[in-house]
Each structure stands twice: as C-alpha cells, then as structure tokens.
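All of these numbers come straight from a predicted model, not from anything done at the bench. Whatever order the structure lists them in is the order used to number ligands and atoms, beginning at 1.
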Amino acid sequence: MPFKPHGKHLIAGEWIAGSDTFESSPAHGPSHHYSVGTVDLVDRAVQAAEQAFETYSATSREQRAVFLETIADEIDARGADITEIGTQETGLPAGRLEGERGRTVGQLRLFADHIRKGDYLDRRHDAALPDRQPAPRPELVMVQRPIGPVAVFGASNFPLAFSTAGGDTAAALAAGCPVVVKGHSAHPGTGEIVAEAILAAVEKCGMPAGVFSLIQGGDRKVGAALVQHPLIKAVGFTGSLAGGRALFDLCAARPEPIPFFGELGSVNPMFVMPEALQARGEEIGRGWAGSLTMGAGQFCTNPGIALVIDGEAADRFIAAAADGLKQIDAQVMLTDGIAQAFCSGRDQIAQSSAARPVMVTEAEGRSASPALYETTAAEFLENPMLHHEVFGPLGLVVRAASAEEFEAIARGLEGQLTATLHIDEADIEAAQALRPILERKAGRLLVNGFPTGVEVSDTMVHGGPYPASTNFGATSVGTLSIRRFLRPVCYQNMPEALLPEDARG
Ligand code: NAP
C-alpha cells in the first residue's frame, strides 16, 4: 500500500490531530490536509522533551548510537514511500531524493560512530596538587554535557538531510538532547513519514517518548512559540535571512537568551584567477553553469557570483557559462513562494542600471530557468543590492580591472558559507593575498572546485560569519556540529562515583 499521510502531529509518541488544517501544495500529485500547529501543542511537546531529558541524557553513548542507527534503518525501510511523497511535494527528481536519503542515513550513522569514539567529549583532567604553594589545587575534570531540549526548523530545500531527521536532529540526539521539530509546510508528508520512522526507532530502542516530537506548521505562531519556550535551550535553523533573523531576535530577547544556530545563506563568490581564466576559462565557465543550476539553484552553497579579470579570456568564460546555461531546461521550484522570490530577486537585478543581462530565459508558474548577468567591479562595490543572494539559478559575473579590485571586493564581502579560488600554478602568489581576506569571510575555502556538494565529515564547516550564519563558531554539517548542543561542565573534587559516566577516567 502506498503511503497516505494522516496529517497529524507527533507529540511524544502520540499522533495528534488539531482542529484546523492546511492543505499541502505539492509540485505534482495529490494534495493532503495537515493539522495546523498550535502554541498548546508546542508546550506539550517541549514539556515532554524536558521530561525525557533526564533519562535520555543519562543513556550511554552506545545506546544512543544504536538509536541513531535504528532511525537510519527505519528511514531506509520506508525509502520508496519517502521518495514518492518527497518528489511530489518538492518537485525534486527521484534521484536527488534518493541521494539525499543516502546522505541523511549516512549522517545518522556517522554520528553513531562519532559518539562511540567519545573524542567529542573533549574530556580534560587537572590532577589535584594538595601540596602546591601558596594554595593547593583541587582535582578538576571537564567534559561536554548535553544542554536540554533543542528546537529544529526543517529546511524547505533539503526535505530529508536538513529536516525532520536531518543534520540538526542527528547532532542533537547524538549529544543526548531531545528534539522538537517544527516541520516545513513545503513537505509535511515527507516530515510525517520520517517522524514515523523515528517513532519506530524510539519504540524499538526503548527511548523515552518525549525524545522526539514533530509539530506541523501552518501558523507562524508555532515557530515563535517554540523558540521562546523557556525549556528550549538551543535552536537549529536553515532558511531565509528575514525568517532566521526574526527568530534569532526572539531568542536573544528571551528572559534567558539561548543560542540560535541559523544558517541563512550566502552568494558563495568564486574568484577565477588570471592564469586559470586564460588556460581553462571555458571549462570553468561550463562547470559553473552546472553548479549554478543544480537542484534549480536552490542550494545555500550555490556559487551565485563569479569574479574575473576583464578581457578576452573573461569574454570566453562568460560565453561558455551562457552556453552551458542555455542547455538547462526550466526546473520546478520547491514552493510557489520560492519561485516568486526568485522572480523578484532577478527582476531587481534586471532593473538595476548596474547589471546587464547576458542570458535570461523565462519560465512559467512554479518553474525557474537560468539567468546570467554581468557587472563591473566598480558598479558591484557601489551597489550592495548586487551582493545579496537570489535563491535559484541566477549567476552574476563581475568584471574586475585588476587583482587590487579582487581584493577590494573580497574585503567588502558579507559573511559567506564558502569562497572559491580557481587557480593555476602561476596564480599562487596573487591567491596568497586573497586567502587571508577570504578566510575572515567564509566558513569553507575551496580551490578548483564548486561549492555545491557538501561532504559530511569530521572536517566540514558549513557556516561562517553573519549573515551566512548567526554563529560563526559553529557548523551545521559534519561531526563538529554536535558542539552546538553541548556545554562544558567542570567537576571539582567530585568523587568518581558521583561523576557522569562520560567524565570518569
Ligand atoms: P523561511 O521563510 O525562512 O522559513 C523557514 C522556517 O522558519 C519555516 O518553518 C517558517 O515557518 C519559519 N519562519 C520564518 N519566519 C518566521 C517568523 N517570523 N516567525 C516564525 N517562524 C518563521 O525559509 P523558506 O520557507 O525555506 O524559504 C524562503 C526563502 O528562504 C527562499 O526564497 C530563500 O531565499 C531562502 N532559503 C535559504 C536557504 C539557505 O540555505 N540559505 C534555504 C532555504 C530557503 P512557515 O513555514 O510557517 O513560514
């Protein structure tokens, strides 16, 4: 039997229907009705999460690792149904959904391995020095401890890997924190079936029911109530700058402010250095066109801006990129709102006297087709509007007169998730001047590649200075992301029997 959503919230092990419903708006296939989230349900879910915290945070790392692996198995067991409803809701192709499911279960299993190893605890020990003069030193042990219930906002552009059982949820559960997810209304059915998989794992592993809840959206009050709930201790979010900033401000204004780990997007500039441009400009241009249009350009790591030194090689680069973009058909976007936002972002650039169209194709309704504009470094520096992300398949080429202009642009950039250098051997010296500037701007610096496609690993940093993220000390991808949901506790002169197991020597 194919999966048919019932449209309820999952609150601490119970499926609960609300009185109001909203209708999903799939890219294709049937729509369904889903219960609208309420402030009361938020309170119920968070109270249950707090209650679960005592037992869940006391589980062993091995128990939590098995729990994460069981969630992964349960998601895989529902793979075909997840792909079916996921493709209907988001318009993303089946291959993309299957790949994203692989990444989702892969990161759950990666966190299982990570917590088994225990390095993330960063356990430190200062032995007692009773005879030290002028004062003795007590025995000190420091270890990272889970913080309490965590709120997670599902992302529209990653219905699996950044949503219900995505990276934020996996990191929080691995750390020992219960999770309350606010589902994204762009894919409520995908959220429901993944929540079903998590519930099955909760039951199989004997975890407390409040360890996981999913509240569907449909009302802006849900997100606001969640981040303001006094028992929520941190928030993981991926989405727009406006939405993320509004929720960040609510977190900061609470009587007890809490960290808001928002990943808000970026234009991911790509500097094509002169020798590389001369030798491989066309190849880089074609590669850029592919990266820029992957998933209809709906990636936070989409390289929206390419910088080149003006001249004949720049012309060849632009022609090759335009040629590559012309081969790409219109693609359906994740939501009507995102398609409209793309059109208005593109129109703003089109109406600016600072940018000129290279190639613009039109698409209807919820679809988007590629667009390419160009400007000069001087115009770019004078027009902050050109620095903003247009979420979708739009590229802007900036023609610079000199390496100094590259540096001026790099210095003026806002915080970015990534910055890319395309270089050949003879570009290294010029790149040495840019690297320290870009390092202060971005969470990840790449050479001779494209930033779409984020490796989930121990070294990955998916974050960066504001507005790429609201917390430059953190990453939302990779094992380091667990640190967002931990805090260091120091135990002074505490007998071994009283220490938490992870703090014992
Ligand atoms: P969004 O509008 O920021 O929404 C993300 C989540 O936050 C949703 O659950 C939304 O609830 C909630 N939310 C937003 N503003 C809120 C507020 N003021 N109070 C309470 N809750 C709030 O992002 P989106 O829906 O994914 O897409 C819209 C735009 O975001 C896109 O056009 C794109 O520009 C950008 N985006 C960026 C990235 C990225 O990776 N950087 C990813 C996706 C989207 P509701 O569902 O109730 O609105």
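- For ligand 1 and G243, the ligand atoms under 4.0 Å from any heavy atom of the residue are 3 (O), 14 (C), 15 (N).
- Checked against a 3.5 angstrom limit, the closest N/O atoms of S156 and ligand 1 fall inside it.
- Residue contacts with ligand 1: G217 is excluded, as none of its non-hydrogen atoms falls under 4.0 Å.
- Near L264, the atoms of ligand 1 lying under 4.0 angstrom from a non-hydrogen atom of the residue are 41 (N).
- Those atoms of ligand 1 with a heavy atom of C300 less than 4.0 angstrom away are 39 (C), 40 (O), 41 (N).
- Residue-level proximity to ligand 1 for A246 is carried by the side chain, the only part with a heavy atom below 4.0 angstrom.
- By the criterion of a heavy-atom distance under 4.0 Å, neither the backbone nor the side chain of F299 is placed next to ligand 1.
- Heavy atoms of R220 found under 4.0 angstrom from ligand 1 belong to the backbone as well as the side chain.
- No hydrogens or angles considered: a donor-acceptor pair under 3.5 Å links the side chains of D458 and T479.
- Close contacts between ligand 1 and A341 involve ligand atoms 32 (O) [criterion: under 4.0 Å to a heavy atom].
- Nearest-residue assignment for atom 2 (O) of ligand 1 (options S240, S469, P467; heavy-atom criterion): S240.
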* Might you work through the side chain to side chain donor-acceptor pair (under 3.5 Å) test for T418 and T301, ending with a clear yes or no? => CA-CA 7 Å; T418 72; T301 49; over 6 Å; no
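- The shell of residues lying under 4.0 angstrom from ligand 1, judged by heavy atoms, includes F237.
- With ligand atoms numbered from 1 in the order given, ligand 1 contributes 27 (O), 31 (C), 32 (O) to contacts under 4.0 Å with heavy atoms of I338.
- At a 3.5 angstrom cut-off on N or O pairs, S185 counts as close to ligand 1.
- At a 4.0 Å cut-off, at least one heavy atom of E263 sits close enough to ligand 1 to count as contact.
- Here is the list of ligand 1 atoms found below 4.0 Å of a heavy atom in T238: 40 (O).
- The proximity of L247 to ligand 1, defined as any non-hydrogen pair under 4.0 Å, is limited to the side chain.
- Within the cation-pi definition used here (under 6.0 Å to the ring centroid, within 45° of the axis), R96 qualifies as a partner of F158.
- For atom 24 (P) of ligand 1, the nearest non-hydrogen atom from the set K182, Q340, H184 comes from H184.
- For the residues A155, G239, G265, the heavy atom positioned nearest atom 37 (C) of ligand 1 is part of G239.
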